[in-house]
Amino acid sequence: MNAKANSAMNRTDFEQALRDKGQYYHIHHPYHKAMYGGQCTPEQIRGWVANRYYYQINIPQKDAAIMANCPDASVRRMWLQRILDHDGHEGDAGGIEAWLCLAEAVGLSREEVIDQRHVLPGVRFAVDAYLNFARRATWQEAACSSLTELFAPEIHQSRLDSWPQHYPWIEESGYHYFRKRLSEARRDVEHGLTITLDSFTTAASQARALEILQFKLDILWSMLDALTMAYLHRTPPYHTVTDQPVWHRGLW
């Protein structure tokens with residue numbers, strides 16, 4: 001059923017419409033297909049890890065924005081776990097630390113990842129657009145944008161299944177992040193999906209929810225487009241529009 005029809009979808013059909021968006025998930029992007037197909041060079045793997053770090057460090061800020069806009073304490077208590085998963089807490093160093101371990105496992109230094117020297121303009125623009133959306137949208141809309149988690153377990157499993165076989169040069173310790181997110185993503189999606197199904201109950205609002213999910217899918221796809229331009233086609237600009245440091249352009 002079309003979400004833009006006069007009548008709203010029932011809960012089951014609406015959930016299926018959300019899940020059908022999986023056909024646009026970035027697991028189907030040629031760059032990702034090349035990664036799990038064993039066709040990427042070490043430089044291309046490292047480029048993806050270094051750029052994806054910028055996405056990783058912005059996720060807790062996105063989740064904090066959702067909490068800041070949410071007046072429901074019960075929702076905030078549950079959503080808080082997402083921040084702890086990434087930033088860490090007692091007994092768990094967190095997903096960002098796990099990502100840095102992945103970076104070291106593929107041959108990058110912590111310093112070059114943390115200082116973001118490899119982050120492409122297109123990646124930065126896409127991630128910033130996502131964070132700005134979460135800050136300005138209603139908390140329900142921002143929660144809906146997180147529903148790409150519906151498709152995340154498959155992409156993490158594809159890396160665990162294929163990378164050790166195709167990239168034996170990657171240290172085993174680097175795979176902790178993907179294993180960690182397998183269970184976390186399934187838990188998160190149950191909460192986010194419930195919020196979305198409960199909050200978007202009219203035809204117009206359901207259409208809006210599907211648009212929001214497509215926006216998030218476009219964010220992830222655009223990040224890989226930028227990586228393709230830089231690491232496959234080697235089309236400039238790779239990292240900056242000019243050779244001048246940013247502070248020379250009056251931005252610092």
Side-chain angles (χ1 to χ4, degrees), residues 25-27 29 31-32 35 44-67 79-89 92-135 142-143 145-160 163 170-171 173-189 192 216-227 230-231 239:
Y25 192 48
H26 64 162
I27 195 172
H29 192 285
Y31 199 103
H32 195 276
M35 282 198 292
Q44 289 162 356
I45 294 289
R46 291 174 187 134
W48 177 76
V49 171
N51 276 270
R52 179 79 181 189
Y53 174 78
Y54 188 67
Y55 177 84
Q56 299 301 130
I57 61 174
N58 275 278
I59 292 301
Q61 296 183 64
K62 176 268 299 184
D63 290 324
I66 292 173
M67 291 178 61
W79 209 270
L80 176 62
Q81 185 60 50
R82 296 169 183 250
I83 296 177
L84 297 176
D85 287 342
H86 279 81
D87 285 345
H89 55 89
D92 183 354
I96 293 174
E97 172 60 26
W99 196 267
L100 288 170
C101 290
L102 170 63
E104 291 178 316
V106 302
L108 293 163
S109 70
R110 283 177 174 252
E111 179 185 10
E112 67 183 305
V113 175
I114 291 172
D115 69 17
Q116 302 173 25
R117 71 186 69 171
H118 301 299
V119 177
L120 298 163
V123 169
R124 191 179 299 277
F125 186 86
V127 174
D128 289 353
Y130 180 39
L131 179 57
N132 287 332
F133 171 80
R135 286 171 170 164
S145 72
S146 295
L147 279 184
T148 47
E149 293 159 348
L150 283 166
F151 323 116
E154 180 183 2
I155 207 168
H156 295 315
Q157 191 63 57
S158 76
R159 294 160 186 158
L160 289 169
W163 281 30
I170 298 177
E171 296 178 13
S173 59
Y175 296 121
H176 174 63
Y177 176 86
F178 303 138
R179 295 191 183 97
K180 173 179 169 64
R181 287 303 297 163
L182 278 175
S183 59
E184 291 174 353
R186 292 188 178 100
R187 179 208 64 212
D188 290 347
V189 76
K216 173 62 182 305
L217 291 163
D218 291 345
I219 293 291
L220 297 172
W221 197 274
S222 295
M223 291 169 63
L224 291 178
D225 283 348
L227 287 164
Y231 291 101
H239 306 294

Stepwise, does the side chain to side chain contact (heavy atoms under 4.5 Å, CB included) test hold for K180 with H156?
-> CA-CA 9 Å; K180 173 179 169 64; H156 295 315; over 6 Å; no
After noting the C-alpha distance and the side-chain angles of M223 and N51, does the key distance pass the side chain to side chain contact (heavy atoms under 4.5 Å, CB included) rule?
-> CA-CA 8 Å; M223 291 169 63; N51 276 270; over 6 Å; no
Going through the distances and angles, do M35 and H29 end up as a side chain to side chain contact (heavy atoms under 4.5 Å, CB included)?
-> CA-CA 10 Å; M35 282 198 292; H29 192 285; over 6 Å; no
Evaluate side chain to side chain contact (heavy atoms under 4.5 Å, CB included) for Y25 paired with L150, printing each intermediate quantity in order.
-> CA-CA 10 Å; Y25 192 48; L150 283 166; over 6 Å; no
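With no hydrogens or angles considered, a side-chain donor-acceptor pair links E112 and S109 at under 3.5 Å. A donor-acceptor contact closer than 3.5 angstrom links the side chains of Q56 and Y177.
For the pair I66 and A142, the tightest heavy-atom approach, listed with the atom from each and the gap, is CG1-CB, 3.4 Å. Residues A105 and G174 come closest through the heavy atom pair CB-CA, 3.5 Å. Scanning all heavy atoms of the two residues, the minimum distance from D92 to G94 falls at OD1-N, 2.9 Å. The minimum heavy-atom distance between S146 and K62, with the atom names listed, is OG-NZ, 2.9 Å. Annotation for I219 and A129: closest pair CD1-CB, 4.1 Å, computed over non-hydrogen atoms. Of all the heavy atoms in Q44 and Y31, the pair that sits closest is O-OH, 2.7 Å.
With contacts defined as side-chain heavy-atom distances shorter than 4.5 Å, the pair V127/L131 does not qualify. Using a 4.5 Å heavy-atom cutoff, the side chains of I45 and W163 are in contact. Contact check for Y55 versus Y130: side-chain heavy atoms found under the 4.5 Å cut-off. Contact check for W99 versus V49: side-chain heavy atoms found under the 4.5 Å cut-off. Here the side chains of H86 and R181 are in contact, with some heavy-atom distance below 4.5 Å. Taking the side chain as every heavy atom from C-beta outward, R82 and E149 approach each other to under 4.5 Å. In this structure the side chain of V189 never reaches within 4.5 angstrom of the side chain of P153, judged on heavy atoms. With contacts defined as side-chain heavy-atom distances shorter than 4.5 Å, the pair F151/L217 qualifies.
The salt bridge (Lys or Arg N to Asp or Glu O under 4.0 Å) pairs that include a residue from residues 93-104 are E97-R110, E104-R110, where partners are two or more places apart or lie in different chains.
With sequence neighbours excluded, no residue forms a salt bridge (Lys or Arg N to Asp or Glu O under 4.0 Å) with K216. In this structure, D218 has no salt bridge (Lys or Arg N to Asp or Glu O under 4.0 Å) partners at least two apart in sequence or on a different chain. By the ring pair (Phe, Tyr, Trp, His ring centres under 6.0 Å) test, Y53 pairs with no residue at all, sequence neighbours left out. Residues satisfying the salt bridge (Lys or Arg N to Asp or Glu O under 4.0 Å) criterion with R124, sequence neighbours excluded, are absent altogether. The side-chain contact (heavy atoms from CB on, under 4.5 Å) check on A226 picks up L120, V123, with sequence neighbours excluded.
Note that OG1 of T148 and CD1 of I27 are 12.5 Å apart. Values are rounded to the nearest 0.5 Å. If you take CD1 on I155 and CG on L220, they are separated by 8.0 Å, rounding to the nearest 0.5 Å. With rounding to the nearest 0.5 angstrom, the NE2 atom of H118 is 12.5 Å from the CG atom of L227. Distance CG/L147 to CG/D188: 10.5 Å, rounded to 0.5 Å. One distance of note links CG of D87 with CG of L80; it measures 10.0 Å at 0.5 Å rounding. Here the OG-NE2 distance, from S222 to H26, works out to 12.0 Å after rounding to the nearest 0.5 Å.
Few gaps surround CD on Q157; more than 12 heavy atoms of other groups in view lie less than 6.0 Å from it.
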